[in-house]
Every structure is written in C-alpha cells, then in structure tokens.
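Sharing a structure below in structure tokens format, with a few things to ask.
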Amino acid sequence: MDTESDPENVLMDWALLDRLVVGIGEVAEITGVSKRKLRYWQEKGVIEPVDDAEGATRRFDYLNIKKVLLVKELVDEGYRLDAAQEKVEERMRTLSEAFSKLAK
DNA sequence: GTTCTCACA
DNA sequence: TGTGAGAA
C-alpha cells in the first residue's frame with residue numbers, strides 16, 4: 001500500500017495508532033521500564049490497560065506508552081511518582097485541548 | 001508468555 | 001518506590 005502518496009491514508013494511520021495495543025512485555029522493551037515496575041505503576045494509577053473483553057493479560061495503547069515514557073523521564077529527574085503522574089496528565093490534557101482546536 | 005502475592009529494602 | 005521469588 002502506498003500511504004505516502006495519499007493524504008487520506010496518512011490519516012488512517014493515525015486511526016490505526018488509536019487501536020495499537022501491545023502486551024506488557026513489548027511496553028517494557030520499548031520504554032525500558034521493567035514489567036514488574038509497569039504493574040506497580042498501574043497499581044499506583046499512573047497507567048491503565050485497555051479494559052476490553054479479555055480478562056487475563058494487560059494490554060496498553062499508545063497513549064499509555066507515551067505516559068510511561070514521560071513519567072519515566074520525570075522520575076529519572078528526581079520527581080516522585082505521583083508528582084510525575086500529575087505533570088504528565090496535565091501536559092497531555094493541554095496538548096489534547098490544543099489538538100481539538102486544530103481539528104475544528 | 002502472563003498473572004498474583006508476600007516479603008524485603 | 002521498587003524488586004525477587006514462587007506458584008498458577
């Protein structure tokens with residue numbers, strides 16, 4: 001498929017990103033955050049797996065992966081987990097507002 | 001491969 | 001705040 005040449009298909013790729021969900025192992029590899037820590041962060045409310053039909057294994061969407069990356073950076077800088085979480089949520093909130101303005 | 005819990009620092 | 005181990 002040549003998504004490069006067709007602007008509409010480029011937008012389709014963003015729609016696909018919304019549905020991109022990966023297991024905890026992949027997230028751990030990509031972000032460099034251990035699976036154990038990811039479960040811990042989930043417990044702390046930093047991230048929430050997609051709560052689809054399935055019941056057993058966690059699956060995280062790309063927004064959660066972004067969150068992990070952002071929180072990881074802040075925590076590495078010395079922020080406490082809950083403080084880092086607040087910063088990230090607020091930042092994603094404002095970004096989302098900006099995007100919705102652009103989308104009108 | 002994943003889940004949870006208990007204990008520990 | 002984060003880990004290791006064990007069992008499922």
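Every chain is numbered from 1, with letters handed out A, B, ... down the list of sequences. In what follows, every heavy atom counts, from backbone to side chain, and hydrogens, waters and symmetry copies are set aside.
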*DNA chain B-proximal residues of residues 57-72 of chain A, any heavy atom under 4.0 Å*: A:Thr57, A:Arg58

*Identify the 5'-most and 3'-most nucleotides of DNA chain B with at least one atom closer than 4.0 Å to a non-hydrogen atom of chain A.*
B:dT2 to B:dC6

Show which side-chain atoms of residues 65-82 of chain A pair as donor or acceptor with protein atoms under 3.5 Å away, not counting sequence neighbours.
from, atom 1, to, atom 2, distance (Å)
A:Lys67, NZ, A:Glu89, OE2, 2.9
A:Arg80, NH2, A:Asp82, OD2, 3.0

*CZ of A:Arg59 to CD of A:Glu26: how many Å apart, nearest 0.5 Å?*
10.5 Å

*Each residue besides A:Leu95 in its hydrophobic cluster should be listed here, by chain and number; the cluster joins Ile, Leu, Val, Met, Phe, Trp and Tyr at side-chain heavy-atom distances under 4.5 Å.*
none

*Under a single-linkage definition using a 4.5 Å side-chain heavy-atom cutoff for Ile, Leu, Val, Met, Phe, Trp and Tyr, are A:Phe60 and A:Ile30 assigned to the same hydrophobic cluster?*
no

*asked:* Just to verify, what does A:Leu20 make a side chain to side chain contact (heavy atoms under 4.5 Å, CB included) with, not counting sequence neighbours?
replied: A:Leu17, A:Val22

*Mind running a 4.0 Å heavy-atom check of residues 29-42 of chain A against DNA chain B and sending the residues that fall below it, in number order?*
A:Lys35, A:Arg36, A:Arg39

*Quick one: name the residues clustered hydrophobically with A:Leu102, using the 4.5 Å side-chain heavy-atom rule over I, L, V, M, F, W, Y, and just say none if it's on its own.*
A:Phe99

*Excluding sequence neighbours, so at least two apart, what forms salt bridge (Lys or Arg N to Asp or Glu O under 4.0 Å) with A:Glu90?*
none

Check residues 32-50 of chain A and write down every donor-acceptor pair under 3.5 Å in which the side-chain atom is one partner and the other belongs to a residue at least two apart or another chain.
from, atom 1, to, atom 2, distance (Å)
A:Ser34, OG, A:Lys37, N, 3.1
A:Gln42, OE1, A:Arg58, NE, 2.4

*Tell me whether A:Leu63 is reachable from A:Val27 by hopping between hydrophobic residues (I, L, V, M, F, W, Y) whose side-chain heavy atoms are closer than 4.5 Å.*
yes

